Amino acid sequence: MIVRVDPASPVPPYEQLRSQVATMIASGALPPGQRLPTIRQLAADLGLAGGTVARAYRELERDGLVVSRGRKGTFVNAEQLLPDGERDRQLEEAAGAFVLQAIQLGAGPKEALER
C-alpha cells in the first residue's frame, strides 16, 4: 500500500491517509479481504504518530470500508460494495479534482499526465 502524507498540507494527516485508503478501496487497488498494515508499521513508515493512523483507521471502519479483527489486524471490508454507479461517480469526482488542481498549477494536459 503506497500512501503519502504532506505535512505542509492544510488537510490533517489522518484525513489525507483516510482519503487515500478510501480511494484505493473504491478503485479496487485494495481488494476486499486485503489486510492493511498495522497501525504501528504504517505510522513508522510515514513518520506519523500511531494515534494519527489509528484515527484514520477508525474513520474508515466507521464508514464501513474496513473491519478491525483485534490482534489479527485491519482488513478491507469484504461486505462493502459500492452501489451501481457510485464507482463511476467517485472516479469522475477524482478526475475533476485532478484537472482543477493541474490547471491551478499551470500544467498542461501532457505534463499533468506524465507526473
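Please read these numbers as outputs of a predicted model, since none were measured by experiment.
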Straight-line distance of [X] [atom1] to [Y] [atom2], nearest 0.5 Å:
X	Y	atom1	atom2	answer
I25	Q20	CD1	CD	12.0 Å
E59	S19	CD	OG	11.5 Å
R4	D6	CZ	CG	11.0 Å

Check the hydrophobic clustering (I, L, V, M, F, W, Y; side-chain heavy atoms under 4.5 Å; chains of links allowed) and say if [X] and [Y] are grouped together.
X	Y	answer
F75	M1	no
V67	V53	no
V3	V5	yes

So does [Y] get a backbone contact from the side chain of [X], meaning a donor-acceptor N/O pair under 3.5 Å?
X	Y	result
T52	L48	no
S27	T23	yes
Q16	V11	yes

- Query: Nearest heavy-atom pair of A102 and A112: which atoms, and what distance?
  - Reply: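 Heavy atoms of A102 and A112 come nearest at CB-CB, 3.8 Å.
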- Item | Shortest non-hydrogen contact between L17 and A56, atoms and distance |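 Of all heavy-atom pairs spanning L17 and A56, the closest is CD2-CB, 3.7 Å.
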- Query: Charged N to carboxylate O under 4.0 angstrom, R58 versus E61?
  - Reply: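 Looking at R58 and E61, the cut-off is not met.
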- Query: Under the salt bridge (Lys or Arg N to Asp or Glu O under 4.0 Å) rule, what pairs show up with a residue in residues 64-77, not counting sequence neighbours?
  - Reply: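 Checked against salt bridge (Lys or Arg N to Asp or Glu O under 4.0 Å) - neighbours excluded - no pair reaches residues 64-77.
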Is any side-chain heavy atom of [Y] closer than 4.5 Å to one of [X]?
X	Y	result
M24	I2	no
T74	R35	no
N77	L60	no
Y57	L42	yes
D63	R18	yes
F98	I103	no
V76	L65	no

- Message: Does Q101, at its CD atom, have more than 12 non-hydrogen atoms belonging to other residues, nucleotides or ligands within less than 6.0 Å?
- Response: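 Counting neighbours around CD of Q101, 12 or fewer heavy atoms of other residues, nucleotides or ligands fall under 6.0 Å, so no.
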